[in-house]
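Accompanying notes for the structure given below.
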Amino acid sequence: MRRDIWQWGSFTLQYISFAGPKPTKEGRRMDLHAMRHSAAHVMAQAIRELYPNAQFAFGPETETGFYYDVKIPGGAIGNEDLPKIEKGMQRIAKGRHPFVRSEMSRDEALKYFGSQEFKVKALEGLLAGEKTVSLYEQNGFTDLCKGPHVEHTGQIGAFSVDRIAGSYWLGDSKNEPLQRVYGLCFPTMDELKEYKTMMEEARKRDHREVGKKLDLFSFHEEGPGFVFWHPKGLTLFNTLISFIRDENDSRGSREIKTPEILSVDLWHRSGHYDNFREHMYFTSAEEKPYAVKPMNCPGSILVYKEGLHSFRDLPLRLMEMGHVHRFELSGVLHGLFRLRAFTQDDGHIYCAPEQVEGEISSFVDYVFHVYKIFGFEDVTVFVSTRPEHSMGADEVWESSTNALKSALEKKGVAYKVKEGEGAFYGPKIEFNVKDCIKRNWQLGTIQVDFSMPERFELDYVHTDGSRRRPVLLHRAVLGSLERFLGIYMEQVVGAFPPWLAPVQAAILSVTDNQNEYAKEILAALKAGGVRAELDVSGERLNKKIRNAQLAKTPYMIILGEKEAAARNISVRLRSGENVNEISTETFVRTVGDLSASRSNVLWPVLPS
RNA sequence: GCCGGCGUAGCUCAGGGGUAGAGCAGCUGAUUCGUAAUCAGCAGGCCGUGGGUUCGAUUCCCACCGCCGGCUCCA
């Protein structure tokens with residue numbers, strides 16, 4: 001598990017119910033942190049029993065348990081060791097061995113841990129300033145540790161040794177590689193089981209599997225990190241774009257489109273060359289250097305600079321379905337979540353300084369509105385401050401960060417601060433949503449930028465005729481459309497609402513005798529704007545239904561003798577319910593209405 | 001990029017130093033059937049790529065590519 005809940009490309013489950021101390025079956029109040037930390041020590045002991053020469057680095061708790069970074073000189077821990085380690089841990093836990101704290105001077109500790117190279121490094125590095133250090137011992141195993149721990153190993157609750165992964169001393173790939181052994185630990189067995197069930201659920205929802213099963217997209221060796229959209233996936237993608245386009249239009253945004261490859265000079269001027277180069281693709285033509293755009297702002301700025309702007313034009317809201325390329329290390333690619341090229345619903349708002357707050361305020365409303373439509377009701381807001389790698393004066397950073405905070409405060413929107421997580425050109429607000437299995441995802445963002453307007457000498461004519469510098473706001477509601485679709489696929493496990501479903505209706509003839517009628521119905525549905533497919537495969541109805549059901553098709557139009565004779569249709573909903581013998585017009589109108597309102601409902605009033 | 005694992009038919013997966021198997025999907029035929037898999041037959045693979053070891057490699061070794069899980073990074 002990663003330490004931070006908003007990270008994507010992976011996810012972190014938050015177990016709210018475990019936020020604080022909790023009584024165990026022993027009736028004691030136990031601190032979960034101490035419990036997990038203690039479990040790490042017990043695991044270390046179990047590992048040492050298996051590999052007496054194991055070298056231990058750090059073993060902290062995580063959000064779902066703990067891990068320990070280990071090196072086995074001349075060997076490695078294998079998957080087959082995990083059950084052994086777990087057994088060892090169970091034995092130690094059963095022994096109810098007390099955790100005994102002691103202190104010694106740093107010099108003594110250096111001698112004491114002489115054979116543990118990482119403990120020595122820790123004492124010489126991180127702990128160099130300490131006079132004394134604390135140790136914890138259980139059952140003959142002593143570790144350097146500041147604690148606290150539970151009283152004895154019997155208080156550790158339910159745990160399991162989960163998996164093994166690579167890591168480095170101090171997390172730096174230049175340092176020595178270590179093995180990280182992850183463990184899960186919860187107060188009770190029920191909670192451990194619940195977590196494991198949830199992980200199983202998450203695996204089943206994996207958008208890469210959904211995409212394959214529903215024939216939405218694929219990946220190929222020939223283009224690692226680049227998605228290939230299939231017809232059904234692209235229908236989804238285009239439907240999403242048309243949705244967000246409508247939302248933008250109704251908020252006064254004008255759409256533009258700018259080139260994907262632009263002169264390197266532009267990227268020097270924008271600061272991307274200095275601050276973002278390692279993520280950029282470069283090319284050349286006629287011996288002139290170009291870069292493939294990793295962001296859309298410079299293109300938008302060129303559009304703004306074309307012509308003179310009056311204060312009356314502001315705020316000028318431009319937006320672009322910008323397809324950007326960003327080089328990513330091969331090891332981080334992950335389905336639609338982490339690509340090397342993706343499409344942003346990327347807006348750039350040029351406004352007067354006094355308009356910033358109002359723009360932010362209405363953007364917050366916009367974001368909440370859209371997320372709700374997708375069933376993301378639980379939104380967390382973060383303000384990210386100046387990162388190390390950045391440009392601009394401190395005062396400007398401070399005032400723009402304050403502008404963000406004050407806009408949120410005036411709206412009464414609660415937020416948390418993420419120090420040093422802003423963009424290189426300005427601070428930002430990030431919007432996180434929680435999906436239905438409690439995973440957090442970062443989606444939208446709005447960023448204040450005083451820097452680009454300066455670099456590109458943007459201006460507008462003020463009321464008094466003087467030239468003023470506008471503020472640039474960068475904003476995205478969905479972020480990466482590809483990634484958003486991946487998240488949403490996992491949210492609904494491929495069962496898209498009618499308005500998004502690539503195939504809205506599957507027309508199933510009961511026997512071949514209805515195939516002609518089925519073709520008529522197909523034409524009628526298509527004419528009515530319903531995305532429909534015909535199944536005249538000669539399979540039995542059961543099989544046709546099964547196929548449509550596995551494809552998560554919202555509506556199955558069943559056409560048998562009865563319907564053909566009465567010239568009506570029967571609808572089986574994805575939910576299993578039926579709306580029998582209605583007119584094609586009623587069906588088209590109903591699906592149309594539900595789609596127009598982006599409803600999640602399959603049918604307005606379910607038959608009883 | 002780094003650490004570890006994996007790569008066999010369109011998909012899911014068995015197998016294993018003597019040259020490959022299942023289920024589903026596909027094709028053909030029969031069946032014409034009312035709410036989650038009709039039956040039978042056929043076809044389908046340079047066992048990721050390139051080297052090496054060997055009489056012989058898909059199997060063992062090495063390198064590369066890709067994928068998966070992590071580290072780091074990130075939309």
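Letters go in sequence order (proteins before strands), and every chain restarts at 1. Treat the numbers as computed from the prediction; the structure is a model and nothing was measured.
Residue-to-nucleotide contacts include a donor-acceptor pair under 3.5 Å from the side chain of A/R338 to the base of B/C73. A donor-acceptor contact under 3.5 Å links the side chain of A/D512 to the base of B/U32. One N or O donor and one acceptor, one from the side chain of A/E563 and one from the base of B/G34, sit under 3.5 Å apart.
Counting any heavy atom pair closer than 4.0 Å across all strands shown, A/L443 reaches no nucleic acid atom. Nucleic acid contact class of A/E561 (heavy atoms, under 4.0 Å, all strands): base. Base contact: A/R572 has a heavy atom under 4.0 Å from a base atom. Residue-level contact check: A/Q344 touches neither bases nor backbone, having no heavy atom under 4.0 Å from any strand. When heavy atoms are screened at a 4.0 angstrom cut-off, A/G560 is found touching base atoms of the nucleic acid. If you check every strand for non-hydrogen atoms under 4.0 Å, A/G576 touches nothing.
In the set B/G34, B/G1, B/C71, the nucleotide with an atom closest to the side chain of A/L329 is B/G1. Each of B/U38, B/G1, B/A75 was ranked by its minimum atom distance to the side chain of A/V332; first place goes to B/G1. Which of B/A75, B/C11, B/A36 sits closest to the side chain of A/K212 comes down to B/C11. Among the nucleotides B/U35, B/C11, B/G1, the one closest to any side-chain atom of A/I545 is B/U35. Minimum atom distance to the side chain of A/S570 is reached by B/G34, of the listed B/A75, B/G34, B/C73. Residue A/L541 has its side chain nearest to B/U35 when only B/U35, B/C71, B/G66 are considered. The nucleotide whose nearest atom lies closest to any side-chain atom of A/L333 is, among B/C74, B/U12, B/C67, B/C67. Comparing B/C65, B/U35, B/A36 against the side chain of A/N580 picks out B/U35 as the nearest. Listed candidates were B/A75, B/C68, B/U35. Nearest to the side chain of A/R326 is B/A75.
In this structure, A/R208 atom CZ and B/U12 atom P are separated by 13 Å, rounded to whole Å. Rounded to whole angstrom, the span from the CD atom of A/Q179 across to the C1' atom of B/G5 amounts to 12 Å. For the pair A/F484 CZ and B/C74 C1', the computed distance is 19 Å after rounding to whole Å. One atom, CE of A/M280, and another, C1' of B/C74, lie 16 Å apart when rounded to the nearest Å. Remark: P of B/C67 and CZ of A/F228 are 11 Å apart, rounded to the nearest angstrom. Atom CE of A/M321 and atom P of B/A75 are 20 Å apart (whole Å). Rounding to whole angstrom units, CZ of residue A/R340 and C1' of B/C73 are separated by 13 Å. Here B/G10 presents its C1' atom at 15 Å from NZ of A/K213, a figure rounded to the nearest Å.
Between A/F363 and A/Y366, the angle of the ring planes goes over 60°, which puts this pair in the perpendicular group of the 30/60° scheme.
With contacts defined as side-chain heavy-atom distances shorter than 4.5 Å, the pair A/Y415/A/I429 does not qualify.
Mapped onto RNA chain B by nearest heavy atom, A/I558 and A/S330 fall at different nucleotides, with A/S330 at the one closer to the 5' end. Projected onto RNA chain B by closest heavy-atom contact, A/K543 and A/Q549 fall at different nucleotides, the more 5' of which corresponds to A/K543.
With P as the reference atom, B/U59 and B/G18 are 11 Å apart, rounded to whole Å. Using C1' as the reference atom, B/G16 and B/C27 are 31 Å apart when rounded to the nearest Å. Nucleotides B/A22 and B/A43 are separated by 16 Å at their C1' atoms, to the nearest Å. Look at the C1' atom in both B/G15 and B/G7: the space between them is 15 Å, to the nearest Å. Spacing of P atoms, B/G5 relative to B/A9, comes out at 22 Å, to the nearest Å. Rounded to a whole angstrom, the distance from the C1' atom of B/C74 to that of B/G4 is 22 Å. Separation of the C1' atoms belonging to B/G17 and B/G29 is 42 Å when rounded to the nearest angstrom. B/A25 and B/A40: their P atoms are spaced 13 Å apart (whole Å).
For A/H334 and B/G69, the shortest distance from a side-chain N or O to OP1 or OP2 is below 4.0 Å. Residue A/R574 has no polar side-chain atom (N or O) positioned under 4.0 Å from OP1 or OP2 of B/U35. In this model, the phosphate group of B/U35 is not approached by any side-chain N or O of A/N578 to a distance below 4.0 Å at OP1 or OP2. The phosphate of B/C74 (OP1 or OP2) has no side-chain N or O of A/R483 nearer than 4.0 angstrom. For the OP1/OP2 pair of B/C71 and a distance below 4.0 Å, the side-chain nitrogens and oxygens of A/Y182 include at least one atom meeting the criterion.
Pair check for B/C55 finds B/G18; Watson-Crick or G-U wobble, both atom distances under 3.5 Å. Nucleotide B/A63 has B/U49 as its partner under the Watson-Crick or G-U criteria, with both atom distances under 3.5 Å. In this entry B/U32 has no Watson-Crick or G-U wobble partner, no candidate having both defining distances under 3.5 Å. When both distances must be under 3.5 Å, the Watson-Crick or G-U wobble mate of B/A37 does not exist. Pairing for B/G26 goes to B/C42, judged as Watson-Crick or G-U wobble with the two contacts each under 3.5 Å. Of all nucleotides present, only B/G1 satisfies the Watson-Crick or G-U wobble test against B/C71, with each distance under 3.5 Å.
Using modelled atom types and a 3.5 Å distance limit, the side chains of A/D162 and A/Y67 yield no donor-acceptor pair. Judged by distance alone, the side chains of A/S570 and A/K562 never bring a donor and an acceptor atom under 3.5 Å apart.
Between A/K71 and A/E117, at least one side-chain N (NZ, or NE/NH1/NH2) sits under 4.0 Å from a carboxylate O, which counts as a salt bridge. We find that A/E430 and A/K428 are joined by a salt bridge, their nearest charged nitrogen and carboxylate oxygen being less than 4.0 Å apart.
The ring of A/F376 has its center no closer than 6.0 angstrom to the ring center of A/F431. Here the two rings, on A/F226 and A/H325, have centers that are under 6.0 Å apart. The aromatic ring centres of A/Y555 and A/F587 sit less than 6.0 Å apart.
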